[in-house]
Structure formats: C-alpha cells, structure tokens
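Input: a single structure, listed below in structure tokens.
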Amino acid sequence: MRPGKAVSRLTEQKLNELKKLGYQFVLVKGYTPERGADFIGLNYFTLLPVKKLPEDPGEKEIYAPIDDEILSEWANSDNGILAFIETVLPK
C-alpha cells in the first residue's frame with residue numbers, strides 16, 4: 001500500500017465502480033499483516049487500480065484485467081482469500 005492511501009475489502013460493487021471510472025486493470029501485490037506491500041502470499045492480496053498498462057518493460061509487474069473472473073471470485077470469496085483494493089477518489 002502506498003503511504004497515505006486507504007484500502008478496503010474488495011467487493012463486486014467496488015469492481016463495478018472502478019469499471020465505470022475507466023479503470024481496466026489492477027496491479028496485484030502481496031499484503032502483509034503490517035499492511036505493507038510484499039511478495040504475493042497465498043491468501044492475502046492488495047490491488048491497485050490502473051487505467052492502462054505501463055509501456056516500459058522495466059515497469060511490468062503482475063496485472064489482471066478488472067473484469068477477470070478470478071477478481072470476481074476474490075470479491076465474492078468466503079474461502080479464506082482476502083483481497084483489498086486501494087481507494088480511488090474521483091478527480
């Protein structure tokens with residue numbers, strides 16, 4: 001999580017709101033109990049909404065399309081997977 005940014009639990013409603021705001025992808029990061037970004041663990045994820053993928057190959061990380069079936073499963077998960085999404089405030 002970036003300093004000064006809030007996160008909330010991922011829900012289908014949040015995914016739909018991001019789609020309406022023009023976000024097409026999320027950057028998938030690990031999430032530690034201390035709320036710091038880390039390598040991806042098995043059950044905890046934090047997602048950073050992005051509107052387009054970076055063009056610089058050095059900036060490539062793990063991205064998922066916002067309408068990906070897996071993200072929808074995480075948003076509706078009751079199987080122990082915790083996914084959080086950074087808050088995006090409209091400009």
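Residues: numbered from 1 along the sequence shown. Model, not experiment: these values are computed from the prediction.
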### Pairing residues for E12 by the side-chain contact (heavy atoms from CB on, under 4.5 Å) criterion, not counting sequence neighbours
L15, N16, S72, A75, N76

### Message
Nearest 0.5 Å, please: how far is CG in L18 from CD1 in I66?
### Response
4.5 Å

### Summary
Rounded to the nearest 0.5 angstrom, the CH2-OG1 distance for W74 and T11 is 15.0 Å

### Query
Taking all atoms of both residues into account, what is the closest heavy-atom pair of A64 and L71, and its distance?
CB-CD1, 4.2 Å

### Query
Considering residues at least two apart in sequence or located in another chain, which fulfil the salt bridge (charged side-chain N to carboxylate O under 4.0 Å, His left out) criterion with E61?
K29

### Task
Go through the structure and list residues passing side-chain hydrogen bond (donor to acceptor under 3.5 Å, both in side chains) with Q13, not counting sequence neighbours.
E17

### Query
Taking side chain as C-beta onward, heavy atoms only, is Y63 less than 4.5 Å from P54?
yes

### Task
Flag yes if more than 12 heavy atoms outside I70 fall under 6.0 Å of its CD1 atom; otherwise flag no.
no

### Note, L27 side chain near L47 side chain (heavy atom, < 4.5 Å)
no

### Task
Spell out, as yes or no, whether a donor-acceptor pair under 3.5 Å connects the side chain of K51 to the backbone of F25.
no

#### Entry: Gap between atom CG of L53 and atom CD of Q24 - 0.5 Å precision
8.0 Å

### Query
How about V50 and V26: do any of their side-chain heavy atoms sit closer than 4.5 Å?
no

